[in-house]
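Because only heavy atoms are used, hydrogens play no part in the values below, and waters and symmetry mates are left out as well, while side chains stay in.
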Amino acid sequence: MSQNINLIYSTFPSIETAESAAREMVAARLVACANILPGMISVYEWNGALERGEEVVVVLKTTTTRTAEVIARLTALHPFEVPAIVVLPVSGGLPAYLEWVSRAVTDTTAL
């Protein structure tokens with residue numbers, strides 16, 4: 001089961017924008033869960049200038065079959081011009097949890 005689950009990492013400018021996107025994706029059953037981690041500081045270059053920003057990390061859990069849909073929806077909901085969206089394949093974990101993730105994005109009675 002673990003090879004069928006992906007974590008999707010992204011960052012948002014605020015808790016409010018992160019939670020809004022997370023709620024929409026959970027409600028649409030694109031993701032089973034979203035973890036929102038505030039308080040990240042990013043240092044990066046953008047348009048030739050060194051930037052520093054306070055951001056919020058979001059980790060989304062979904063299946064490999066829903067990943068493309070999650071990326072499309074996340075891109076549409078995201079306020080950044082080029083959002084950080086990285087897919088991390090899950091190679092293992094508690095089987096019962098991985099099964100829950102899979103059911104949550106496919107079974108309408110799971111929630």
Side-chain angles (χ1 to χ4, degrees):
M1 178 64 66
S2 62
Q3 57 271 40
N4 297 322
I5 304 297
N6 285 331
L7 301 180
I8 300 175
Y9 167 93
S10 189
T11 60
F12 281 79
S14 68
I15 292 173
E16 294 78 18
T17 57
E19 188 170 353
S20 176
R23 285 181 167 279
E24 184 168 324
M25 288 187 286
V26 171
R29 307 190 74 73
L30 291 173
V31 302
C33 176
N35 298 122
I36 299 170
L37 306 156
M40 182 181 77
I41 296 174
S42 294
V43 177
Y44 56 95
E45 182 190 342
W46 185 252
N47 293 327
L50 187 60
E51 301 284 343
R52 178 200 184 273
E54 293 185 21
E55 295 181 305
V56 176
V57 174
V58 178
V59 179
L60 305 160
K61 291 103 175 192
T62 194
T63 59
T64 55
T65 57
R66 301 302 302 264
T67 296
E69 292 174 88
V70 173
I71 291 170
R73 180 72 62 91
L74 188 55
T75 302
L77 294 171
H78 212 289
F80 290 163
E81 182 181 341
V82 180
I85 300 174
V86 178
V87 177
L88 305 164
V90 173
S91 64
L94 181 65
Y97 180 78
L98 301 175
E99 290 170 19
W100 171 79
V101 171
S102 182
R103 276 194 325 273
V105 300
T106 58
D107 180 0
T108 59
T109 65
L111 294 178

To the closest 0.5 Å, what do you measure between [atom1] ([X]) and [atom2] ([Y])?
| X | Y | atom1 | atom2 | result |
| --- | --- | --- | --- | --- |
| S14 | E54 | OG | CD | 11.5 Å |
| I71 | H78 | CD1 | NE2 | 12.5 Å |
| I41 | R52 | CD1 | CZ | 4.0 Å |
| N4 | E99 | CG | CD | 11.0 Å |
| N6 | L88 | CG | CG | 8.0 Å |
| I85 | T67 | CD1 | OG1 | 11.5 Å |

So do [Y] and [X] actually touch side chain to side chain, heavy atoms under 4.5 Å?
| X | Y | result |
| --- | --- | --- |
| L60 | L74 | yes |
| L7 | K61 | yes |
| T62 | L30 | no |
| C33 | W100 | yes |

Under 3.5 Å, side chain of S10 to main-chain N/O of A84, donor-acceptor pair present? yes
Looking at R66 and R29, would you say the former's side chain and the latter's main chain have a donor-acceptor pair under 3.5 Å? yes
So which heavy atom on [X] is nearest to which on [Y], and how close?
| X | Y | answer |
| --- | --- | --- |
| A34 | V58 | CB-CG1, 4.3 Å |
| I36 | A22 | CD1-CB, 4.2 Å |
| I15 | P38 | CD1-CB, 3.7 Å |
| T17 | P13 | OG1-CD, 3.5 Å |

May I ask whether V56 and F80 are part of the same hydrophobic cluster, defined by side-chain heavy atoms of I, L, V, M, F, W, Y residues being less than 4.5 angstrom apart, directly or through others? no
State plainly whether one hydrophobic cluster holds both V57 and Y44, where clusters connect Ile, Leu, Val, Met, Phe, Trp and Tyr through side-chain heavy atoms under 4.5 angstrom apart. no
Check against side-chain contact (heavy atoms from CB on, under 4.5 Å), V82 and W46: CA-CA 10 Å; V82 180; W46 185 252; 3.6 Å; yes
Please indicate whether E81 has more than 12 foreign heavy atoms, meaning atoms of other residues, nucleotides or ligands, lying under 6.0 Å from its CD. no
